[in-house]
A.B. asks: 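Structure incoming, see below.
The shown structure was predicted, so the numbers you read here are calculated from the model rather than taken from an experiment. Counting begins at 1 with the first residue of the sequence.
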Amino acid sequence: MDERKLGFVLKHFRDGSMQTEGALRKVRAAAGKPAAPEMKARWGRYAIYGAGVAAAVVAAFLIINTRLNEWTEYRADAAASQVTLSDGSTVTLAPGATARVQARKNPRHVELDGGAFFEVAHDESHPFTVSSGDARIRVLGTKFVVSDCDAGKSVDVVEGRVLFTAAGREDGVILKKGMFAVLENGATDPELHSGHLNPAAWATGMFSYDDARLRDALDELEGYYNVSLTVSPAAAS
């Protein structure tokens, strides 16, 4: 470099005014060349940080989803057992029966194995449902009994109304107070039968015999208490 050029550079140079690395990066970017090593390291750190955040989000989702889908199981052993659900409904399980509930996800749905007496808290916007084998029961607020029988599943309504259907079916039978229906194994629709006098007596300990035949009342009491009852001809007339 001649003296004139060197003098010009020395006269006009200021510290920091000639950013060679920055200029080099711009040229490389324009030419489509790889970034300098320090830029690669910076983007590598960003990628690691992003992966960590994504992993944390996935882990949180899995934990929340697992908790939402947790099942709580209730079981009655040798004696009937009563359970109060989070919505205020009560379920009295018959001996040996099991009920499963997803309390966080859907507290108004019960999966039932065995028999149970339900007293459902009224909530029009959130119908209460029960699944038991192939039987499906849908209610708003009522008292009813679900039982296993030799033929399949049965439902007795003590108060209110329920829709009793087979799994996968929307139509079925609407049962009102005092009505009783059976869904036989493999059937597509429940069938109506003569109602029981006190279908929930095993759960409530209460019997009522308004306008009932004496012999029918005695037969029911004999079945519940495993005794033999007789009456005099005069009392039976």
Side-chain angles (χ1 to χ4, degrees), residues 68-124 126-205 220 223-224:
L68 283 175
N69 288 283
E70 283 180 346
W71 288 89
T72 301
E73 184 173 287
Y74 305 96
R75 179 175 177 81
D77 295 322
S81 176
Q82 188 178 89
V83 175
T84 300
L85 305 181
S86 60
D87 71 329
S89 300
T90 60
V91 183
T92 303
L93 296 171
T98 301
R100 299 174 69 242
V101 182
Q102 287 180 298
R104 291 185 176 90
K105 187 175 183 179
N106 187 2
R108 286 177 67 83
H109 175 73
V110 174
E111 290 194 356
L112 177 67
D113 182 12
F117 170 53
F118 292 84
E119 296 181 83
V120 177
H122 187 80
D123 185 347
E124 290 186 3
H126 298 92
F128 191 97
T129 56
V130 179
S131 298
S132 183
D134 289 334
R136 299 292 183 269
I137 301 99
R138 177 185 173 92
V139 303
L140 296 177
T142 189
K143 299 178 182 180
F144 62 98
V145 176
V146 180
S147 304
D148 289 330
C149 59
D150 293 338
K153 300 289 182 179
S154 66
V155 174
D156 279 277
V157 175
V158 178
E159 182 181 296
R161 299 193 310 166
V162 307
L163 173 63
F164 185 17
T165 67
R169 305 265 299 179
E170 294 186 1
D171 56 334
V173 296
I174 294 178
L175 303 178
K176 301 178 182 179
K177 179 180 178 180
M179 296 178 70
F180 168 68
V182 175
L183 178 68
E184 296 187 357
N185 295 321
T188 57
D189 293 296
E191 291 186 3
L192 291 171
H193 292 264
S194 299
H196 298 125
L197 293 175
N198 293 280
W202 62 267
T204 64
E220 184 180 63
Y224 275 109

A.B. asks: Among D87, L140, V162, whose side chain to side chain contact (heavy atoms under 4.5 Å, CB included) with F128 holds?
C.D. replies: D87

A.B. asks: Quick one, V130 with F144, criterion side chain to side chain contact (heavy atoms under 4.5 Å, CB included). Give me CA distance, side-chain angles, the key distance, then yes/no.
C.D. replies: CA-CA 11 Å; V130 179; F144 62 98; 4.0 Å; yes

A.B. asks: Please tell me whether T98 and R75 have a donor and an acceptor in their side chains that are separated by less than 3.5 angstrom.
C.D. replies: yes

A.B. asks: Evaluate side chain to side chain contact (heavy atoms under 4.5 Å, CB included) for I137 paired with V146, printing each intermediate quantity in order.
C.D. replies: CA-CA 9 Å; I137 301 99; V146 180; 4.0 Å; yes

A.B. asks: Is a side-chain donor or acceptor of N106 paired with a backbone partner of R108 at a separation under 3.5 angstrom?
C.D. replies: yes

A.B. asks: Go through the steps for F118 and V139 under the test side chain to side chain contact (heavy atoms under 4.5 Å, CB included), then give the verdict.
C.D. replies: CA-CA 10 Å; F118 292 84; V139 303; over 6 Å; no

A.B. asks: Could you walk me through whether Y74 and V101 pass the side chain to side chain contact (heavy atoms under 4.5 Å, CB included) test, one step at a time?
C.D. replies: CA-CA 8 Å; Y74 305 96; V101 182; 4.3 Å; yes

A.B. asks: Hey, is the main chain of A200 close enough, under 3.5 Å, to the side chain of T204 for a donor-acceptor pair?
C.D. replies: yes

A.B. asks: So does A97 get a backbone contact from the side chain of D113, meaning a donor-acceptor N/O pair under 3.5 Å?
C.D. replies: no

A.B. asks: Are there more than 12 heavy atoms of other residues, nucleotides or ligands under 6.0 Å from atom CG of D150?
C.D. replies: no

A.B. asks: Using a 4.5 Å cut-off on heavy atoms from C-beta on, say whether the side chain of L183 contacts that of V155.
C.D. replies: no

A.B. asks: Quick check: does any side chain N or O of T92 sit under 3.5 Å from a backbone N or O of Q82, one acting as donor and the other as acceptor?
C.D. replies: no

